Amino acid sequence: MTSPFVAVAGASGGLGQLIAMALIKRGVAVKALVRPNTDPSRTEKLRSAGATISPVDLSAVPTLTRELTGAMCVVSSLQGLRDVMHTAQGNLLEAAVAAKVPKFIPSDFSLDFTKTKPGSNRNLDLRREFHAQLKKSGIAWTSILNGGFMDLLVGDTPMVNHKSRKVAYIGEATQLLDFTSMVDTAAYTAAVAADPKPTPNFLRIAGDTVSAKDIANAETNVEGAQYKPGWMGPVWFIEIVIRVMRLFGGENEIFPAWQGMQYMTNMFSGVGKLEPLDNDRYPELVWTKVENFLREYKNNSSKK
Ligand SMILES: NC(=O)c1ccc[n+]([C@@H]2O[C@H](COP(=O)([O-])OP(=O)(O)OC[C@H]3O[C@@H](n4cnc5c(N)ncnc54)[C@H](OP(=O)(O)O)[C@@H]3O)[C@@H](O)[C@H]2O)c1
């Protein structure tokens, strides 16, 4: 394919597909790396938008190196546990270095794990640990931290209960939390990937910064019925609950219930808060606010 292009690993996934589409919208050529034998129906949208679909085994570093040669950036949007976040993503990094790719964006897309305590969030620990490989590699890298996906506030979610009209919170209902929609996160990632200038190691973004109380008010406005914050307990208590729940398993799952609670304690303790924000780096980008996001979701679901 013509150089330069951006290679997106995990392009069959939720965020990866959006990043690839955002790059295409910017006029950037995309090579979508997917597992061999990925059902063509899963990549049809990307193919018809103009992406080159490259089935490749992430354990085959020499083949991967050939695939990445000529790329201006490798974006990883892989999701998984140690075998994926360290091993498969590590192979991707090794191949990017061998192919002399100038920039690597790891699959972080999270709260600020540079501040969360090791041991307090299993999935964030995996990402922080991967940064040791990144630093050693010598490649220029940029980690994008976006708080929670706003998309987690709609549909079946542990945070908003539409039956009881409660927005779950831990600690204080006024603690500010960062949320960015997946689409906005993808648009920003595409801007970073396509940026010909050097980009910093960390870029922090938030489409909206709101408390549980603010989310309850937004739900009230959108649903036309009173929503209230619902207390789950203090942060220290939930941390004990997590430790107990963890004794009953879930280590081989990406999102056992205790993992979701680890994200919540990191957010509600304020430790994973993103500051300062780098939202204004690409002035052409616009940010979706929580209330607008909820309203749009409701309008779209009522049309179905
Ligand atoms: N901040 C937040 O609230 C939040 C929420 C959710 C996700 N995220 C982050 O966003 C990023 C992407 O997540 P996502 O939700 O888009 O995940 P996803 O939909 O599960 O997609 C993950 C992608 O990784 C691919 N993959 C996994 N293991 C692989 C392997 N060994 N070889 C090749 N491909 C492999 C998957 O391929 P297959 O489809 O073939 O399995 C898929 O394309 C992750 O860093 C995740 O932690 C953040």
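Fair warning: this is a prediction, and the values are worked out from it, not measured in the lab. Each ligand, and each atom within it, is numbered from 1 in the order the structure gives.
Given atom 30 (C) of ligand 1, the protein heavy atom at minimum distance is Arg35 NH1, 3.3 Å. Given atom 8 (N) of ligand 1, the protein heavy atom at minimum distance is Phe149 CE1, 3.4 Å. Nearest non-hydrogen protein atom to atom 12 (C) of ligand 1 is Ser77 O, 3.4 Å. Here the protein heavy atom with the shortest distance to atom 10 (O) of ligand 1 is Leu15 CD2, 3.7 Å.
Heavy-atom proximity to Leu58, at under 4.0 Å, picks out these atoms of ligand 1: 32 (N), 33 (C). Every atom of ligand 1 with a heavy atom of Gly148 under 4.0 Å away is listed here by number and element: 1 (N), 3 (O). In the vicinity of Ser107, heavy-atom distances shorter than 4.0 Å reach the ligand 1 atoms 11 (C), 44 (C), 45 (O). Shown in contact with Asn146 at under 4.0 Å from a heavy atom are these atoms of ligand 1, numbered in order with element: 1 (N). In the vicinity of Leu152, heavy-atom distances shorter than 4.0 Å reach the ligand 1 atoms 3 (O). If you number the atoms of ligand 1 from 1 as listed, the ones under 4.0 Å from a heavy atom of Leu78 come out as 24 (O), 25 (C), 26 (N), 34 (N), 35 (C), 44 (C), 45 (O).
Distances between N or O atoms of Arg127 and those of ligand 1 include at least one value under 3.5 Å. The shortest N or O to N or O distance between Phe109 and ligand 1 is below 3.5 Å. The N/O atoms of Gly14, backbone and side chain alike, include one that comes under 3.5 Å of an N/O atom in ligand 1. The shortest N or O to N or O distance between Val84 and ligand 1 is not below 3.5 Å.
Contacts of Leu33 with ligand 1, taken as heavy-atom pairs under 4.0 Å, are absent altogether.
For Glu67 and Lys31, the salt-bridge test passes: some basic side-chain N is under 4.0 Å from an acidic carboxylate O. Between Asp195 and Lys103, none of the side-chain N atoms (NZ, or NE/NH1/NH2) sits under 4.0 Å from a carboxylate O, so this pair counts as no salt bridge. Salt bridge annotation for Asp178-Lys273: present, with a cationic side-chain nitrogen under 4.0 angstrom from a carboxylate oxygen. For the pair Arg128 and Asp125, the salt-bridge criterion is met [side-chain N within less than 4.0 Å of a carboxylate O]. Remark: Glu291 engages Arg295 in a salt bridge, criterion side-chain N to carboxylate O under 4.0 Å.
Compare Gln79, Gln17, Met85 by their heavy atoms: the one nearest to atom 27 (C) of ligand 1 is in Gln79. Distances from atom 37 (O) of ligand 1 to the heavy atoms of Ser12, Gly147, Ala32, Gly13 show the closest one on Ser12.
In this structure, Lys213 has no salt bridge (charged side-chain N to carboxylate O under 4.0 Å, His left out) partners at least two apart in sequence or on a different chain.
With contacts defined as side-chain heavy-atom distances shorter than 4.5 Å, the pair Met232/Phe268 does not qualify. Between Arg42 and Gln17, every side-chain heavy-atom pair lies at or beyond the 4.5 Å cut-off. Side-chain atoms of Thr189 and Phe109, non-hydrogen and from C-beta on, do get closer than 4.5 Å to each other.
Separation of the Trp258 and Tyr263 ring centroids does not fall under the 6.0 Å cut-off.
Panel note: side chain Asn121, backbone Asn123; a donor-acceptor pair is recorded below 3.5 Å.
Put simply, atom 40 (O) of ligand 1 has protein non-hydrogen atoms near it, under 4.0 Å away.
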